[in-house]
Amino acid sequence: MSSEILRFAQNDSVTALERFIVARCIAFLGVVLCAVPVQTLRADPSKTILVFGDSLSDGFMLKRSEAYPALLAKKLRAADLNFQVINASAAGGTTEGGLERLPPHLKHRIDVFILELGINDAFRGLSIDQIQSNLQQIMDKVKTRNPTVRVVIAGMQLPNYAEDDYVSAFGKMFSDLATRNNAALVPYLLQGVAGDPSLNLPDGIHPNAAGQRILAENVWRVLEPIAREGTEGRGGSPEPPAGNRGQLSVPVTQETTAAWLSRVR
């Protein structure tokens, strides 16, 4: 079609006005033809993983690229899993604060929701019932807007050096929530990191870059099968990965315990 237009434009009997019209048609066709491949080759939109946590997920005193959510994004790319990871964590975050800052994130689709909150509430002595209620409300709001979302709960523990009812109830709370919501559970986010000076900042509480790499592995063990299910288009709420429902008891050194207990109640 374009070649016929060109031959017509080269004819000596064609007026200047006709040549102008033909030139405009050729330009228009060029724009249309150039636009088609972009639409045809555009990849399917990636799915979204939203990490909603506190300073442990935010990467306290580290570059965001060193925090475990960014490391999960690298693992997903390496595994050829089409997910984008959004780190919506905030240092000092609490469950109540999470409820307040959640609404803007509900405006966008969430395929996998990683919830890591609660430890700062325990530091402030908030009742277990209230912490649990807040976490449940956060999940309910996410699931209402995203009915097929997969929820991953990052479990936390208070040191068992001076274990009492509060400490026990806090650790058990995460597994109870996972069971109630058919969510996957990372039994203890800080597994292999808590209490090791070489893996933590000088405060003895927040992981350093090396510690964050271990956190990424702890979460990846639970997240990978969920992400693979998601890319295969499976619907519903599959059974959480085996072995990720129970509570994990992790010994913590006396030095680290002192730092933690000084902030509890």
Side-chain angles (χ1 to χ4, degrees), residues 51-58 60 68 89-102 113-142 151-196 199-201 203-207 211 214-215 218-219 221-222 240-241 243-265:
V51 182
F52 200 66
D54 51 37
S55 58
L56 297 176
S57 300
D58 186 53
F60 182 74
Y68 79 80
S89 304
T94 63
T95 56
E96 183 178 0
L99 279 169
E100 294 175 353
R101 60 188 179 86
L102 180 63
F113 183 63
I114 300 178
L115 179 58
E116 184 272 305
L117 285 172
I119 192 65
N120 286 323
D121 299 85
F123 288 159
R124 291 163 171 77
L126 194 67
S127 71
I128 300 299
D129 288 344
Q130 188 59 60
I131 300 174
Q132 184 165 310
S133 174
N134 290 345
L135 290 172
Q136 185 63 58
Q137 288 182 66
I138 290 172
M139 288 186 285
D140 288 344
K141 290 178 183 295
V142 171
V151 178
V152 177
I153 298 175
M156 284 297 298
Q157 294 183 10
L158 291 169
N160 55 16
Y161 174 76
E163 188 166 345
D164 57 19
D165 292 341
Y166 187 94
V167 172
S168 298
F170 180 80
K172 185 174 181 294
M173 173 186 67
F174 297 99
S175 57
D176 288 346
L177 283 168
T179 300
R180 180 185 306 168
N181 292 276
N182 195 30
L185 176 68
V186 179
Y188 184 34
L189 179 63
L190 295 176
Q191 171 68 32
V193 176
D196 188 337
L199 297 174
N200 287 276
L201 298 175
D203 64 10
I205 298 174
H206 296 97
I214 296 177
L215 266 58
N218 293 341
V219 178
R221 283 193 291 270
V222 177
N244 290 323
R245 286 175 178 261
Q247 182 181 1
L248 181 67
S249 178
V250 179
V252 181
T253 65
Q254 184 170 351
E255 291 77 8
T256 303
T257 297
W260 283 64
L261 291 181
S262 66
R263 300 180 61 180
V264 179
R265 285 195 292 280

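Predicted, not measured: the structure shown is a model, and the values here were computed from it.
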Partners meeting side-chain hydrogen bond (donor to acceptor under 3.5 Å, both in side chains) with Ser55 (sequence neighbours left out) = His206
Apply the test side-chain contact (heavy atoms from CB on, under 4.5 Å) to residues Ile119 and Leu158: give CA-CA distance (whole Å), side-chain angles for both, the deciding distance (0.1 Å), then the verdict.
-> CA-CA 8 Å; Ile119 192 65; Leu158 291 169; 3.7 Å; yes
Write down the atom of Leu56, the atom of Pro207, and the distance for their closest heavy-atom approach.
-> CD2-CD, 3.6 Å
Any Val142 side-chain heavy atom under 4.5 Å of Phe52 side chain = no
For Ser175, does its backbone N or O pair with a side-chain atom of Thr179 as donor and acceptor, under 3.5 Å?
-> yes
Search all heavy atoms of Arg124 against all heavy atoms of Gly92 and return the closest pair with its distance.
-> NH2-O, 4.3 Å
Taking all heavy atoms of Gly155 and all of Phe174, pick out the closest pair and write down the distance.
-> CA-CG, 3.7 Å
Are Gln132 and Arg180 side-chain neighbours, meaning at least one heavy-atom pair lies under 4.5 Å?
-> yes
Do any N or O atoms from the side chain of Asn218 and from the backbone of Leu189 form a donor-acceptor pair under 3.5 angstrom?
-> yes
Once the angle between the rings of Phe170 and Tyr166 is folded into 0 to 90°, is it parallel (under 30°), tilted (30 to 60°) or perpendicular (over 60°)?
-> parallel
Note: Leu185 and Ala178 closest approach over all heavy atoms is CB-CB, 3.9 Å
Considering all heavy atoms of both residues, which atom of Val222 and which atom of Ala184 are nearest to each other, and what is their separation?
-> CG1-CB, 3.5 Å
Begin with the C-alpha distance, continue with both residues' side-chain angles, and end with the deciding distance and a verdict on side-chain contact (heavy atoms from CB on, under 4.5 Å) for Met156 and Leu190.
-> CA-CA 7 Å; Met156 284 297 298; Leu190 295 176; 3.6 Å; yes
Leu117 vs Ile138 side-chain heavy atoms within contact, under 4.5 Å | yes
Just jot down the side-chain hydrogen bond (donor to acceptor under 3.5 Å, both in side chains) partners of Asp54, sequence neighbours excluded, or say none.
-> none
Report the C-alpha distance between Val219 and Glu116 in whole Å, list the side-chain angles of each, state the deciding distance to 0.1 Å, and finish with yes or no for side-chain contact (heavy atoms from CB on, under 4.5 Å).
-> CA-CA 11 Å; Val219 178; Glu116 184 272 305; over 6 Å; no
Give a yes or no answer on whether the side chain of Asn120 reaches the backbone of Thr94 with a donor-acceptor pair at less than 3.5 Å.
-> no
By side-chain hydrogen bond (donor to acceptor under 3.5 Å, both in side chains), which residues pair with Gln136, not counting sequence neighbours?
-> Asp140, Asn181
At what distance, to the nearest 0.5 angstrom, does CZ of Phe60 lie from CD1 of Ile205?
-> 9.0 Å
Main-chain N/O of Asp165 paired to Ser168 side chain as donor or acceptor, under 3.5 Å | no
Can you name the residues that form a side chain to side chain contact (heavy atoms under 4.5 Å, CB included) with Asn134, not counting sequence neighbours?
-> Thr95, Glu96, Leu99, Leu126, Gln130, Gln137
Residue list, side-chain hydrogen bond (donor to acceptor under 3.5 Å, both in side chains) with Asn200, at least two apart or on another chain = none
Search all heavy atoms of Ser89 against all heavy atoms of Gly53 and return the closest pair with its distance.
-> OG-N, 3.0 Å
The reported gap from CG in Leu177 to CD1 in Ile153 (rounded to nearest 0.5 angstrom) is 5.0 Å
